[in-house]
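Please read these numbers as outputs of a predicted model, since none were measured by experiment. Start at 1 and go down the list; that is how both ligands and their atoms are numbered. Positions are given from 1 along the sequence.
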Amino acid sequence: MTTTHSFDALILGGGAAGLMCAIEAGKHGRRVAVLEHADRLGKKILISGGGRCNFTNIQCRPENFLSANPHFAKSALARYTPADFITMIEKYRIPYHEKTLGQLFCDRSARDVLTMLEEECRRAHVSIFPGTKVREVTRPAQFVVHASDAEFQAPALVVATGGLSISKIGATRFGYDLARQFGINIQEPRPGLVPFVLNADDRSRYCDLAGVSMEVTACCDGARFREKLLITHRGLSGPAILQVSSYWDKSRPVQIDLLPNHETSSTVMDPKLPRNLTNLRSQLRTMLPNRFADRWLDLHPASAWTNSALAQWEQQAHAWTITPADTEGFEKAEVTVGGIDTDELSAKTMESRKMPGLYFIGEVVDVTGHLGGYNFQWAWASGAAAGRAL
Ligand SMILES: Cc1cc2nc3c(=O)[nH]c(=O)nc-3n(C[C@H](O)[C@H](O)[C@H](O)COP(=O)(O)OP(=O)(O)OC[C@H]3O[C@@H](n4cnc5c(N)ncnc54)[C@H](O)[C@@H]3O)c2cc1C
């Protein structure tokens with residue numbers, strides 16, 4: 001006979017958002033269960049930030065998030081801030097540091113963050129069910145989650161099953177399928193914070209320089225990021241590229257300023273030097289890595305040595321336009337852009353407008369952060385918003 005467990009709320013997915021939601025609900029006296037299909041909780045937390053978990057960003061603002069409705073995230077982000085998460089980190093005496101641009105990382109290991117969340121769950125009397133394979137969700141009166149060897153029922157169900165990136169550590173389409181089952185609209189998911197694959201021509205031009213990196217400004221669809229670009233064996237990566245990839249779709253070009261420190265068009269040639277290829281090369285080598293500077297000059301020779309020809313030549317380096325063939329896909333993506341349409345949800349509680357008692361939080365929702373700790377901040381904030389409302 002199948003055992004039936006009854007709770008005040010069931011949370012599907014024991015990642016960042018699900019655990020935060022469980023902690024907040026548990027602290028408010030709710031009897032909550034986290035149902036996780038993997039053998040353990042928080043696998044993505046453990047691999048995040050290169051194993052050090054970039055757990056928040058102290059410069060977090062609503063502008064750091066993409067969504068079909070850019071206002072949706074504001075309420076939750078305002079009610080659970082980076083300072084709130086830092087308070088918890090400090091309560092557990094977890095050593096951390098600011099790496100760059102407001103990004104906070106653990107000094108030791110991402111495991112510190114997961115251990116803290118597990119301990120908070122324990123203190124809030126949260127029941128955890130790892131290795132729970134959910135077969136079906138029905139709603140005869142309450143929500144009933146049918147798992148392989150047990151049933152769970154509750155008046156509230158929180159979907160915190162994350163996005164599609166990195167299926168080998170547990171990502172599934174489950175959250176989107178469940179939304180469709182209940183007639184809830186989704187914005188088509190696509191990979192974000194993901195390297196680009198260049199088209200065949202550009203690959204043959206640049207990819208033998210794999211490993212070369214430089215500071216650039218990358219732009220796509222109105223978004224602009226000044227960070228590092230890295231050439232890879234198949235295309236481009238590095239923070240600047242990962243950031244613009246979230247704004248990219250197949251029809252859009254990406255524009256890269258290779259000389260972001262040299263805004264004016266007269267700087268590239270030192271006026272004291274004779275104008276010739278050797279001097280242009282040595283000037284360019286002061287601004288770009290040598291191998292890339294040489295390649296750029298081979299592919300973009302100066303047509304003449306007049307002021308206007310040089311200005312035009314320099315302009316090309318300020319506006320290198322590429323049209324990637326593709327991205328490296330969900331298996332290399334750090335996040336999923338798109339997801340549960342925010343028009344379907346209350347911005348205050350994350351509850352479905354159509355289906356009372358059904359909540360969506362974290363990456364499964366159409367809110368995607370920039371690179372730099374913003375995605376965890378959204379997971380914490382949306383998880384806390386729902387957890388307090390349960
Ligand atoms: C390599 C990598 C590094 C990253 N580093 C950072 C970083 O440093 N800083 C940052 O802010 N963001 C980072 N991110 C993004 C961040 O990890 C996610 O945005 C965040 O984990 C989303 O939280 P979530 O709870 O919504 O989803 P997840 O953390 O993905 O949790 C979802 C959980 O649901 C479970 N699940 C899925 N399907 C089911 C199902 N059918 N039944 C039951 N359980 C299910 C999964 O196993 C998982 O445990 C990184 C992502 C990757 C891939």
Arg139 to Phe143 six-membered ring, cation-pi geometry met (6.0 Å, 45°): yes
What residue and heavy atom of the protein are closest to atom 6 (C) of ligand 1, and at what distance? Glu334 OE2, 3.5 Å
When only distance counts, is Gln377 in polar contact with ligand 1, meaning an N/O pair under 3.5 Å? no
Considering both backbone and side-chain atoms of Ala333, is one of its nitrogen or oxygen atoms within less than 3.5 Å of a nitrogen or oxygen in ligand 1? no
Quick look: Phe174 vs ligand 1, heavy-atom contacts under 4.0 Å, and the answer is side chain
Can you report which non-hydrogen protein atom sits closest to atom 35 (C) of ligand 1, along with the distance? Glu36 OE1, 3.3 Å
Pair Glu118 + Arg122: basic N to acidic O under 4.0 Å: no
Does only the side chain of Ala171 get under 4.0 Å from ligand 1, or the backbone, or both, or neither? Count heavy atoms. neither
Cut-off 3.5 Å, side chains only: do Ser352 and Glu344 have a donor facing an acceptor? no
Enumerate the atoms of ligand 1 whose separation from the nearest heavy atom of Tyr374 is less than 4.0 angstrom. 11 (O)
Side chains of Arg226 and Asn261: do they bring a donor and an acceptor to under 3.5 Å? yes
Any atom of ligand 1 sitting under 4.0 Å from a heavy atom of Ile166? yes
For atom 44 (N) of ligand 1, which protein heavy atom lies nearest, and how many Å away is it? His37 N, 3.2 Å
Is any N or O atom of Leu12, backbone or side chain, closer than 3.5 Å to an N or O atom of ligand 1? no
Looking at the rings of Trp380 and Phe376, which for Trp means the six-membered one, are their centres under 6.0 Å apart? yes
Output the list of atoms in ligand 1 that are nearer than 4.0 Å to some heavy atom of Thr172, sorted by atom number. 37 (C), 38 (N), 39 (C), 41 (N)
Do any N/O atoms on Ser48 end up under 3.5 angstrom from N/O atoms on ligand 1? no
Mind checking whether Ile45 contacts ligand 1 via backbone (N, CA, C, O), side chain (CB onward), both or neither, at a 4.0 Å heavy-atom cut-off? neither
Considering non-hydrogen atoms of the protein only, which is the closest contact for atom 25 (O) of ligand 1, and what is the distance? Ala17 N, 2.8 Å
Is it true that the side chains of Thr56 and Gln377 contain a donor and an acceptor less than 3.5 Å apart? yes
